[in-house]
Amino acid sequence: MTATLTAPVAPPRPSNLARDVGIVMLRELRPVLHDPFSLIFGMIQPLVFLALFGPLLAGSVGPAIGGDVWGWFVPAILVMTALFGTSTTGANLLFELQTGAHERMLVTPLPRSSLLVGRALKEMVPLTGQAVVIVAVMLPFGLRVDALGVLAGLVVLAVFGVGLGSLSYALAVAVRKQEWMFWAVQQTLLFPLMILSGMLLPLETGPAWMRVAAEFNPLAHVVAAERALFAGEFVSGAVLAGALSAAATAAVGLAVGIRVMQRSAD
């Protein structure tokens, strides 16, 4: 009788969420790094809003927002940029669903949560660069910010972006057979959330029902937190409410996104 020798089986690679998220994020960033013009183009919209909408605010609602127009408006513009970026994460997934790239990612040992978080955080990398440029551009025009507050605000935005990006991911999977539905739902929800967040115009002068509706809008609390953090207010009700809203959005988004993704693999 001869003994049969078998090669030892390598143990499965231990899971490391931070490493796996980094792998997915770098994969998603490669197209951006190969096309840096897209980052420059992404700066056009926020700069146009600042150049054209900012002076209108100064002349019409300046007293209602305390006179510091740029301290009120610049943080909101960064939230808007993050909102548009993370809410359209699912559009890239729709393309991968068509080409089969998504199915190939699902058979890798990467956990579903890392696929969601990595995709959403990818949007925060160019946003961070854009935030630095926007703040630097606006400093000569009178913008005053707290450096640590800006960093804390970007962390809150990243947490909120993970949740929103995960929901966008889930929407793309749910409507993968009818792509137009993705944009219909995204646009239908996006603009009411923006208006009811006080992002572009103060809600204090609006009707009572809008102020009540804004209390149930997590985006409104995130915007208020960003304004407070940029002004150096780290301990305030606005910051706490914004951080809790961002964390709740991330929790719900990840729960929904992971469940939808697991079903898509069946």
Rounded to the nearest 0.5 angstrom, the CZ-CG distance for Phe182 and Leu171 is 5.5 Å

Cluster overlap Leu203 with Phe191, hydrophobic side-chain contacts below 4.5 Å: no

Can the ring centroids of Phe73 and Phe53 be said to lie less than 6.0 angstrom from one another? yes

CE/Met194 to CG/Leu201 distance, rounded to the nearest 0.5 angstrom? 10.5 Å

Hey, is the main chain of Leu94 close enough, under 3.5 Å, to the side chain of Arg176 for a donor-acceptor pair? no

In terms of hydrophobic clustering (I, L, V, M, F, W, Y; side-chain heavy atoms under 4.5 Å; direct or indirect links), are Met138 and Val79 co-clustered? yes

Side chains of Trp70 and Leu50: closer than 4.5 Å at any heavy-atom pair? yes

Test item: Val222 and Leu157 side chains (from C-beta on) under 4.5 Å apart, heavy atoms: yes

Taking all heavy atoms of Ser166 and all of Gly253, pick out the closest pair and write down the distance. CB-O, 3.3 Å

Val133 vs Val137, test: side-chain contact (heavy atoms from CB on, under 4.5 Å). Steps then yes/no. CA-CA 6 Å; Val133 173; Val137 168; 4.1 Å; yes

Please round to the nearest 0.5 Å and tell me the distance separating atom CD1 of Ile77 and atom CZ of Phe49. 6.0 Å

Under a 3.5 Å distance rule, please check whether Asn217 uses its side chain to pair with a backbone N or O of Leu193 as donor and acceptor. yes

Does any non-hydrogen side-chain atom of Glu226 lie less than 4.5 Å from one of Val156? yes

Where do Val135 and Val145 come nearest, in terms of heavy atoms and distance? CG1-CG2, 4.0 Å

Are any non-hydrogen side-chain atoms of Val239 and Val235 less than 4.5 angstrom apart? no

Test side-chain contact (heavy atoms from CB on, under 4.5 Å) applied to Leu244 and Leu240, step by step: CA-CA 6 Å; Leu244 291 176; Leu240 177 60; 4.0 Å; yes

Nearest atoms (heavy-atom pairs only) where Thr249 meets Pro218: OG1-CB, 4.0 Å

Under a 4.5 Å side-chain heavy-atom rule over Ile, Leu, Val, Met, Phe, Trp and Tyr, are Phe216 and Met199 clustered together? no

pair Leu57-Trp72: side-chain heavy atoms closer than 4.5 Å: yes

In the single-linkage hydrophobic clustering (I, L, V, M, F, W, Y; side-chain heavy atoms under 4.5 Å), do Val223 and Leu189 co-cluster? yes

dist Thr89:OG1 -> Leu164:CG (nearest 0.5 Å) comes out at 7.5 Å

Any donor-acceptor N/O pair, Arg227 side chain to Ala224 backbone, under 3.5 Å: no

Quick one: which of Leu229, Val132, Val159, Thr128 gives a side-chain contact (heavy atoms from CB on, under 4.5 Å) with Leu154? Thr128

Got a sec: does the CZ of Phe141 have more than 12 other heavy atoms crowding it under 6.0 Å? no

Euclidean distance, Leu56 CG relative to Leu52 CG, rounded to 0.5 Å: 7.5 Å

Looking only at heavy atoms, the pair that brings Gly90 and Ala172 closest together is O-CB, 3.3 Å

What distance separates Trp183 CH2 from Thr188 OG1, expressed to the nearest 0.5 Å? 12.5 Å

Give a yes or no answer on whether the side chain of Arg144 reaches the backbone of Leu139 with a donor-acceptor pair at less than 3.5 Å. yes

Any non-hydrogen side-chain atom of Val260 less than 4.5 Å from a side-chain atom of Val256? yes

Looking at Ala238, is its backbone amide N or carbonyl O close enough to the side chain of His221 to form a donor-acceptor pair, meaning the two atoms are under 3.5 Å apart? no

Hey, quick one: are Phe230 and Val69 part of the same hydrophobic cluster, counting side-chain heavy atoms closer than 4.5 Å, chains of contacts allowed? yes

Can you confirm whether Phe234 sits close enough to Leu148 that some side-chain heavy atom of one is under 4.5 Å from a side-chain heavy atom of the other? yes

Is the side chain of Ser168 donor-acceptor paired with the backbone N or O of Ser87 at a distance under 3.5 Å, no angle test? yes

Does the side-chain contact (heavy atoms from CB on, under 4.5 Å) test come out yes or no for Ile195 and Leu200, once each step is laid out? CA-CA 7 Å; Ile195 295 172; Leu200 301 177; over 6 Å; no

Between Leu190 and Phe84, is the side-chain contact (heavy atoms from CB on, under 4.5 Å) condition met? List the steps. CA-CA 8 Å; Leu190 191 68; Phe84 277 99; 3.4 Å; yes

